[in-house]
Amino acid sequence: MTVVAYSLAVVLNLFILFIGVRFLLQPYPAAAGYGVPATQDRAYLEIKGLRDATFGIVGLVLLASAGAYAGAWFMLAVAIAPLGDTVIVLRHGGSKAVAFGVHFATAVVVLVSAGLLFAV
């Protein structure tokens, strides 16, 4: 169980770090993948990239330095981001498939990860 809990948390944190870097380096394709395409406002897309990359780094640092309990609380707290992303995509005319299949599903997996880390 410990290996699964840590592995899932590490993969999720690496994934959000990757998404953040993609928003920094390729903001417009990343926005399309997010579910709300953009053709301007690159600064706001880069802000999202920096936020996501920071979440990934902080999550990895917490897991490595403070352990499962701190990592669990972090994952529980950051689940707010994909839940909010679900609402943002829906409010701005994005696809329901992306809103629920990507963002809401991510929130569920992050919450499962938090639960597994709490159980360690």
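This chain uses plain numbering: 1 for the first residue, then up along the sequence. Note that this is a predicted model, so its numbers are computed, not measured.
The CG atom of Leu62 sits 12.0 Å away from the CD1 atom of Ile57 when rounded to the nearest 0.5 Å. We find the CG-OG1 distance between Leu111 and Thr106 to be 11.0 Å, quoted to the nearest 0.5 Å.
Taking both residues in full, the closest heavy atoms of Phe74 and Phe55 are given as CZ-O, 3.2 Å, listed atom of the first, atom of the second, then distance. Between Leu12 and Ser113, the closest heavy-atom pair is CD1-CB, 3.6 Å. Closest non-hydrogen pair, Ala5 versus Val120, comes out as CB-CG2, 3.6 Å. For Met75 against Val110, the heavy-atom pair with the smallest separation is O-CG1, 3.2 Å. Listed here is the closest heavy atom pair of Ala9 and Leu63: CB-CD1, 3.6 Å. The two residues Leu117 and Ala72 make their nearest non-hydrogen contact at CB-CB, 3.5 Å.
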- Carefully, step by step, assess Leu17 and Asn13 under the rule side-chain contact (heavy atoms from CB on, under 4.5 Å). CA-CA 6 Å; Leu17 175 59; Asn13 282 294; over 6 Å; no

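There is a path of hydrophobic side-chain contacts, each under 4.5 Å, that joins Val58 to Leu14. Taken together through direct or relayed side-chain contacts under 4.5 Å among Ile, Leu, Val, Met, Phe, Trp and Tyr, Leu116 and Trp73 form parts of separate hydrophobic clusters. A chain of hydrophobic side-chain contacts below 4.5 Å, direct or via other Ile, Leu, Val, Met, Phe, Trp or Tyr residues, connects Tyr28 to Val36. Both Ile16 and Ile88 sit in one connected hydrophobic cluster of ILVMFWY residues. Membership requires side-chain heavy atoms under 4.5 Å apart, directly or through other members.
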Report all side-chain donor-acceptor pairs from residues 43-51 shorter than 3.5 Å, counting only partners two or more places apart or in another chain.
from, atom 1, to, atom 2, distance (Å)
Glu46, OE2, Arg42, NE, 2.6
Lys48, NZ, Asp52, OD2, 2.4

List, one per line, each side-chain donor-acceptor pair under 3.5 Å for residues 78-87, sequence neighbours excluded.
from, atom 1, to, atom 2, distance (Å)
Asp85, OD1, Tyr34, OH, 3.0
Thr86, OG1, Pro82, O, 2.9
Thr86, OG1, Ala99, O, 3.4
Thr86, OG1, Phe104, N, 3.1

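In this structure, Ser7 contributes its side chain and Val3 its backbone to a donor-acceptor pair below 3.5 Å.
For residues 1-26, there are no ring-ring contact (aromatic ring centres under 6.0 Å, His included) pairs, not counting sequence neighbours.
You'll find the side chain of Phe100 reaches within 4.5 Å of the side chain of Leu90, heavy atoms only.
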